Amino acid sequence: MSLFSDRAGPAIGALCAASLLAACASAPQHPAPVMVRPAPVEPTPVLNPKMAADAEALNRQAALLERVYQVAAPLLINNADLCKNHARNLLGFTAKNRHSYPGEFNDAAHNAFGMGERLQVSGVLAGSGAYAAGLRRGDALIAAEGKPLPTGANAETTAGSVFGPLVANHTTIKLTVSRDGAHNVIAVPVTRACGFRVEVGNADNVNAYADGSRIMVTRGMINIAQTDEELAYVMAKGLAHNILNHASSQRSAGTLASIIDNLVNLRPDLSMLIGSGGIKPMPGEVDASADTLAIYLLARAGYNVDHASRFWQNLAANYPASVLNGYVANHPATAIRVAAIDKAVAEVKSKQASKRPLVP
């Protein structure tokens, strides 16, 4: 389940990390022999190799999602007014249950992480109402404004229909959650934010995609973004493309959506990335308009924009347009983009110095 907005959609978020190992403490040493009866130890579930591999995949995905989610938070929240008709009322958390993970990952989520039939909080957006209210990862969702929340295989979809009208018409939502065996009622303020979902692509190509409603960053791109600031450059660019409706105007929304749908799977079909993947290169002037807006989005979110040009130049040098299914192959006009970025950075600094609004 996504950020629980007034428009229901597929899930984004991160799993709660879990340890698969247990340690046993040795008996204490004494000057004279003492008989010590060890305390009973709960048996640790033994995972077969397949289950262990699935759990490792879930843990790896959780870590990537957590990083992407935290980097995206200030971009989404601090730019709601620039998102215009894409802004939404959000509670600011994601929730999943074992059925959020299809096939073999269903059992892995249950056995390794304790996911059951009830939705539980899997991620909280920093700076959101949920964050301010103290909602925690692992809280089980019982009710919203007294309305019982669904469980089972379709819980994500049906819960979205419960939350949608509530966040559209309330400034605060009372959530009943189960935490540490007790029920708690938490008042969660509604947050206005850009209503784009954030995803991680399970592929090693260095790329990012924006289909008009989602922003996806591949595992390969996340790994080469050495700092959160660099990852923010990539995510702000995708956010800008969505705000400017470039996927639709370039008639690439369907292709991009298919790629994102595929790469969100923990074991995607990588044959879809053979060749160009069906994506047409973005025209230079169109791309530059997104770069200009991205600099404003970054500055408003508190990110340092000084190194943006260098990041994109280094990316183009190390992963040039000849690398198929790379970012530069889809965005080849590096010189035009860098010129637009440098101009936007100068504009932003001038407006900051004179304390003018950061509006392009």
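These numbers were taken from a predicted model, which means no experiment stands behind them.
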Is the shortest side-chain heavy-atom distance between Leu166 and Leu91 below 4.5 Å?
no
Do the side-chain N and O atoms of Tyr296 and Glu347 include a donor-acceptor pair separated by under 3.5 angstrom?
yes
Any idea which heavy atoms bring Asn79 and Cys194 closest together, and the distance?
O-SG, 3.4 Å
With the side chain counted from C-beta on, respond yes when Tyr319 and Asn314 share a heavy-atom pair under 4.5 Å apart, and no when they do not.
no
Flag side-chain contact, heavy atom, 4.5 Å: Leu293 against Leu244
yes
At their closest point, which heavy atom of Gln352 faces which heavy atom of Ala299, and how far apart are they?
NE2-CB, 4.1 Å
Is it true that Ser100 and Glu156 share a donor-acceptor pair across their side chains at a distance under 3.5 Å?
yes
Tell me, do Leu231 and Thr227 make a side-chain contact under 4.5 Å, heavy atoms counted?
no
Under 3.5 Å, side chain of Asn169 to main-chain N/O of Pro165, donor-acceptor pair present?
yes
Do Arg179 and Asn184 meet the criterion of a side-chain donor-acceptor pair at a distance under 3.5 Å?
no
Are Thr94 and Ser122 linked by a side-chain donor-acceptor pair shorter than 3.5 Å?
yes
Indicate the atoms forming the closest heavy-atom contact of Ala133 with Pro189, along with that distance.
CB-CD, 4.1 Å
Taking atom types as modelled and ignoring hydrogens, do the side chains of Thr218 and Asn207 form a donor-acceptor contact shorter than 3.5 angstrom?
no
Validation row: Arg136, Val124 side chains within 4.5 angstrom (heavy atoms):
no
Give a yes or no on whether a salt bridge exists between Arg137 and Glu66, defined as a side-chain N under 4.0 angstrom from a carboxylate O.
yes
Within the structure provided, determine whether Gln120 and Met115 are in side-chain contact (heavy-atom separation under 4.5 Å).
yes
Passes side-chain contact (heavy atoms from CB on, under 4.5 Å), Leu141 versus Val121? Steps please.
CA-CA 7 Å; Leu141 302 181; Val121 175; 3.9 Å; yes
Closer than 4.0 angstrom, basic N to acidic O: yes or no for Arg192 and Asp81?
no
From CA spacing to verdict: side-chain contact (heavy atoms from CB on, under 4.5 Å), Ile222, Arg67:
CA-CA 9 Å; Ile222 295 171; Arg67 183 185 175 198; 3.6 Å; yes
Quick note, ring-ring contact (aromatic ring centres under 6.0 Å, His included) partners involving residues 246-290, not counting sequence neighbours, are His241-His246
Mind running side-chain contact (heavy atoms from CB on, under 4.5 Å) on Met221 and Leu315 for me, showing each step along the way?
CA-CA 10 Å; Met221 179 66 87; Leu315 184 69; 4.1 Å; yes
Minimum heavy-atom distance Thr255-Gly278, with the two atoms named:
CG2-O, 3.7 Å
Shortest non-hydrogen contact from Glu229 to Tyr303?
CA-CD2, 4.3 Å
Testing the 3.5 Å rule here: is there a donor-acceptor pair between the side chains of Ser350 and Arg356?
yes
So, His99 versus Glu117: side-chain donor-acceptor pair below 3.5 Å or not?
yes
Ignoring hydrogens and angles, tell me if any N or O in the side chain of Asp211 forms a donor-acceptor pair with the backbone of Arg214 under 3.5 Å.
yes
More than 12 heavy atoms from other groups under 6.0 Å of CZ on Phe311:
yes
Centroid-centroid distance, Tyr327 to His331, less than 6.0 Å
yes
Which atom pair, heavy atoms only, marks the closest approach of Val359 to Lys351?
O-NZ, 2.7 Å
Side chains of Ser128 and Phe93 in contact at under 4.5 Å (non-hydrogen atoms)
no
Trace of the side-chain contact (heavy atoms from CB on, under 4.5 Å) decision for Val200 with Val217
CA-CA 5 Å; Val200 167; Val217 185; 5.9 Å; no
Should we count CG of Asp269 as having more than 12 external heavy atoms under 6.0 Å?
yes
In the structure I gave you, are the side-chain heavy atoms of Ile215 and Arg197 within less than 4.5 Å of one another anywhere?
no
